[in-house]
Amino acid sequence: MTDSTSPRILVTGFEPFEQDPVNPSWEVARALHGETVAGAIVHGLQLRCVFGESLRQLQEALAQLQPVLVISLGLAGGRSEFTPERVAINIDDARIPDHAARQPVDQVVIPGAPAAYFSTLPIKAVVHNLRARGIPSSVSNTAGTFVCNHVFFALMHWLAQGKAAPGARGGFIHVPALPEQAARKPGMPSMCLADQVAAVRETIRTALTVTQDLKENAGQLH
Ligand code: PCA
């Protein structure tokens with residue numbers, strides 16, 4: 001049972017971008033909105049795919065909800081696995097314009113903030129638990145330099161500054177395309193919505209229970 005005093009979890013997803021009619025990151029957040037997972041209630045929020053505006057939306061939600069956990073999701077078309085991101089960097093370098101036709105090149109996300117932050121999700125435990133459930137997952141060492149990294153960086157900066165509930169954790173996860181998107185782009189890997197939703201549920205459970213991350217190799221040579 002939950003009520004208005006239950007701890008809150010913020011799950012964000014993005015509006016569709018790059019001419020796609022759908023963005024799985026938002027479909028997952030929408031599917032989980034209102035659900036109770038591990039005693040906490042999920043609030044799903046759709047972010048604009050716009051530099052700056054997405055941060056204002058996130059900042060407002062952190063202030064209003066004071067979540068204990070924040071999981072931001074984004075689509076990484078071409079990835080075949082559910083990929084918790086390890087690190088957010090303080091740079092915007094856009095390959096394509098955002099939805100407000102902005103295309104920053106080599107601008108900091110937040111002036112005066114550190115160069116980078118690590119995710120505070122137990123990313124290796126998440127990958128381990130998902131693989132055990134039969135869901136393909138790997139640690140990713142780059143969230144890119146577009147709006148996803150922009151949101152990830154601001155989230156980690158604000159969590160470090162105590163802008164959510166005390167001790168709140170958070171991070172960013174890139175998800176694969178949905179099968180209906182892949183069907184229009186032959187050869188593109190995909191993961192069905194039910195598996196993506198199950199993966200975020202498991203991520204929430206893991207993040208709320210595992211305080212010390214696993215020490216398992218997830219390194220890459222390049
Ligand atoms: N993916 C983009 C932005 C929105 C989304 O879902 C990214 O990886 O930056």
Side-chain angles (χ1 to χ4, degrees), residues 10-33 43-59 61 70-110 116-119 121 123 136-158 170-182 184-185 188-193 195-197 199-200 203 220:
L10 176 62
V11 177
T12 71
F14 281 99
E15 63 181 346
F17 73 111
E18 236 185 344
Q19 274 114 50
D20 251 326
V22 70
N23 189 327
S25 65
W26 167 238
E27 297 308 321
V28 173
R30 182 188 4 217
L32 286 167
H33 179 76
H43 185 96
L45 172 69
Q46 190 189 65
L47 298 179
R48 300 280 331 275
C49 188
V50 175
F51 289 101
E53 195 176 330
S54 51
L55 299 196
R56 282 187 285 282
Q57 292 179 282
L58 177 65
Q59 195 168 31
V70 185
I71 297 178
S72 286
L73 305 169
L75 166 64
R79 286 198 194 169
S80 58
E81 299 180 306
F82 186 87
T83 45
E85 297 291 346
R86 193 196 295 258
V87 61
I89 58 176
N90 192 7
I91 201 81
D92 293 328
D93 190 357
R95 178 179 59 79
I96 54 171
D98 70 9
H99 280 179
R102 287 190 205 121
Q103 196 168 2
V105 173
D106 294 352
Q107 290 178 17
V108 291
V109 179
I110 300 182
Y117 284 100
F118 290 120
S119 173
L121 300 176
I123 53 174
S137 180
S138 286
V139 168
S140 165
N141 293 307
T142 176
T145 53
F146 194 49
V147 185
C148 286
N149 172 74
H150 182 74
V151 162
F152 182 21
F153 184 85
L155 169 65
M156 298 319 300
H157 185 64
W158 290 331
F172 195 96
I173 298 169
H174 266 117
V175 299
L178 294 168
E180 65 256 39
Q181 295 177 283
R184 286 190 303 270
K185 295 177 187 160
M188 175 175 266
S190 66
M191 184 184 285
C192 71
L193 183 60
D195 281 358
Q196 296 201 23
V197 171
V200 173
T203 302
Q220 285 174 293

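Ligands are counted one by one from 1 in listed order, and the atoms in each one are counted from 1 as well. Just so you know, residue 1 is the first one in the sequence shown, and it goes up from there. Below, each value reflects all heavy atoms present in this structure, side chains not excepted, and no hydrogens, waters or symmetry copies.
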Are Glu85 and Arg79 within salt-bridge range, i.e. N to O under 4.0 Å?
-> yes

Ser137: partners by side-chain hydrogen bond (donor to acceptor under 3.5 Å, both in side chains), with sequence neighbours left out = none

Can you list, pair by pair, the side-chain donor-acceptor contacts under 3.5 Å of residues 102-109, counting residues two or more places apart and other chains?
from   : atom 1 : to    : atom 2 : distance (Å)
Arg102 : NH1    : Phe51 : O      : 2.6
Gln103 : NE2    : Ala94 : O      : 3.2
Gln103 : NE2    : Arg95 : O      : 3.0

Mind checking what makes side-chain hydrogen bond (donor to acceptor under 3.5 Å, both in side chains) contact with Asp93, not counting sequence neighbours?
-> none

Short N or O separations between ligand 1 and the protein, below 3.5 Å:
from     : atom 1 : to     : atom 2 : distance (Å)
ligand 1 : 1 (N)  : Leu75  : O      : 3.0
ligand 1 : 6 (O)  : Asn23  : ND2    : 2.9
ligand 1 : 6 (O)  : Leu75  : N      : 2.9
ligand 1 : 8 (O)  : His174 : NE2    : 2.9
ligand 1 : 9 (O)  : Cys148 : N      : 3.0

Indicate yes or no: does Arg56 engage Glu53 in a salt bridge with an N to O separation below 4.0 Å.
-> no

Are Phe17 and His99 close enough that their ring centres sit under 6.0 Å apart?
-> no

